[in-house]
2 protein chains.
Amino acid sequence: MKLSTRTRYGVRAALELAANQSKGPVQIKTIAHRQDISIKYLEQLMAILKSAGLVRSIRGAKGGYILAKPANQIKLSDVFNALEGPVTTVECLENKNYCARVTDCVTRQVWAEVQQAIMSVLQSMTLQDLINRTKDKKTLNYQI
Amino acid sequence: MKLSTRTRYGVRAALELAANQSKGPVQIKTIAHRQDISIKYLEQLMAILKSAGLVRSIRGAKGGYILAKPANQIKLSDVFNALEGPVTTVECLENKNYCARVTDCVTRQVWAEVQQAIMSVLQSMTLQDLINRTKDKKTLNYQI
DNA sequence: AGTATTCCTACCTTATTAGTAGTATATTAT
DNA sequence: ATAATATACTACTAATAAGGTAGGAATACT
Ligand code: FES
Ligand code: FES
């Protein structure tokens, strides 16, 4: 059970935007360079974050991306959901018609609890919280 | 973030054994039939559970599989770890040399918390707990 | 006009998951 | 002994998803 690079890269990119909230848009190539991610790949990830309403884009020269909301209003769960898809440990948690014996399935409850546990951790943290944790706010210290 | 069939099938198989603890070994083909899993695939999953020390096999006619320990001593996390591998949201949680800036990476702490949340749910439940939840203990009601 | 940037969409490559198949080996029953 | 019934082992295949590349269109600033 590993995190995809999509999510890891996406969180890093979102943090870059959060760290530069006051300084105007940040270009994909800047983020890609700083975080050592392929430009073309990051392009796609940003598009996902955009369609999830988490970031806004500014096209053309001097364009780039900015957060769509203040960093303290973007939960990690938002970023996670956008990129990793909903944490659905098993299909029938979303789609009740998926399994035949949904009503009294015992394992279903377990997976539901796991899912809930993950979400409550991610919902309790905003991008701003993470930024605050970094000591030197100019050089964000994260990787992966 | 989905569960693999390996884990889902494995848990179902383990529950079948737990439900038949008193009644001697259960054959792969019986489980496969009851749970609608390919015999040959299940064979491999049982081998994994065996090498993890969770089940014991009895070869030859009238053979099959039994739990290696009482059902109340097998945690769901044991089954999960055996089949899904350790819940490692990010590599550097296991392997500290993986990332360069491990010591003050902010995201690392987040993933560590997520990982811990998952594990504590799974560690808090044994196969027996799940069996107890089923109302009619003869026909186990689970799927997926 | 020219340059810098996002946007769109198709493709490709690799890794993982899921499943099949065949044969060898062990145990029981007759 | 022999036949029948199981697991054990190992290799192969198919399907899906992850990760990444590529090219060009659209948009906006200078
Ligand atoms: S009914 Fe879907 S997991 Fe049991
Ligand atoms: S150092 Fe490994 S996730 Fe940040």
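Quick note on labels: first sequence line is chain A, next is B, and so on, each numbered from 1.
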Any idea which of dA28(D), dG20(D), dA8(D) is nearest the Ser38(A) side chain?
dG20(D)
Can you measure from CD (Gln21(B)) to NZ (Lys23(B)) and round to the nearest 0.5 angstrom?
10.5 Å
Between the CG atom in Leu42(A) and the CG atom in Asp36(A), the distance rounded to the nearest 0.5 Å is 11.5 Å
Hey, can you pull the residues of residues 41-50 of chain A with a non-hydrogen atom under 4.0 angstrom from DNA chain D?
Tyr41(A), Gln44(A)
Rounded interatomic separation in angstrom, taking NZ from Lys2(B) and C1' from dT16(D)
11 Å
Strictly below 4.0 Å, heavy-atom distances to any atom of DNA chain D: list the hits from residues 63-71 of chain A, or just say none.
none
Would you indicate which nucleotide in dC7(C), dA6(D), dA4(C) comes nearest to any side-chain atom of Lys29(B)?
dA6(D)
Nearest 0.5 Å please: distance from the CG atom of Leu54(A) over to the CD1 atom of Ile48(A).
11.0 Å
Quick one: Asp36(B) CG to dA18(C) P, roughly how many Å, whole number?
15 Å
Out of dT7(D), dT17(C), dC7(C), minimum distance to the side chain of Ser4(B) belongs to dT17(C)
Roughly, in whole Å, what's the span from CZ in Arg8(B) to C1' in dA18(C)?
11 Å
Spacing of OG belonging to Ser124(B) relative to CE belonging to Met119(B), to within rounding of 0.5 Å:
11.0 Å
OP1 or OP2 of dA8(D) versus the side-chain N and O atoms of Ser57(B): is any pair under 4.0 Å?
yes
Cluster check Ile66(A), Ile131(A): I/L/V/M/F/W/Y, side chain < 4.5 angstrom
no
OP1, OP2 of dG20(D) versus side-chain N and O of Tyr9(A): anything below 4.0 Å?
yes
Quick check: are there more than 12 heavy atoms from other residues, nucleotides or ligands sitting under 6.0 Å from NZ of Lys69(B)?
yes
Grab the two heavy atoms, one from Ala32(B) and one from Ser38(B), that are nearest each other, plus how far apart they are.
CB-C, 4.4 Å
Find the distance Ile39(A):CD1 to dG20(D):C1' and express it as a whole number of Å.
13 Å
Please work out which of the three classes, parallel, tilted or perpendicular, describes the rings of Phe80(B) and Trp111(A), given edges at 30° and 60°.
tilted
Between atom CG of Leu122(A) and atom NZ of Lys75(A), what is the distance when rounded to the nearest 0.5 Å?
11.0 Å
Considering only heavy atoms and no angle criterion, is a donor-acceptor pair shorter than 3.5 Å present between the side chain of Arg59(B) and the base of dT25(C)?
yes
On DNA chain C, more 5' by nearest nucleotide between Ile58(A) and Ile58(B) is Ile58(A)
Rounded distance in Å - CG (Leu3(B)) to C1' (dT16(C)):
15 Å
Between atom NE2 in His33(A) and atom P in dT5(C), what is the gap in whole Å?
14 Å
Output for pair (Gln109(A) CD, Met125(B) CE), nearest 0.5 Å, gives 9.0 Å
Measure across Val11(A) and Val79(A) and return the closest heavy-atom pair with its distance rounded to 0.1 Å.
CG2-CG1, 3.9 Å
side-chain contact (heavy atoms from CB on, under 4.5 Å) between Thr5(A) and Tyr41(A), intermediate numbers included:
CA-CA 10 Å; Thr5(A) 59; Tyr41(A) 192 35; 3.4 Å; yes
Under-4.0 Å side-chain N/O to phosphate OP1/OP2 contact, Arg6(B) with dT17(C)
yes
Residues in contact with DNA chain D, drawn from residues 73-85 of chain B - heavy-atom cutoff 4.0 Å:
none
Is any side-chain N or O of Lys40(A) under 3.5 Å from a base N or O of dG23(D), one able to act as donor and the other as acceptor?
yes
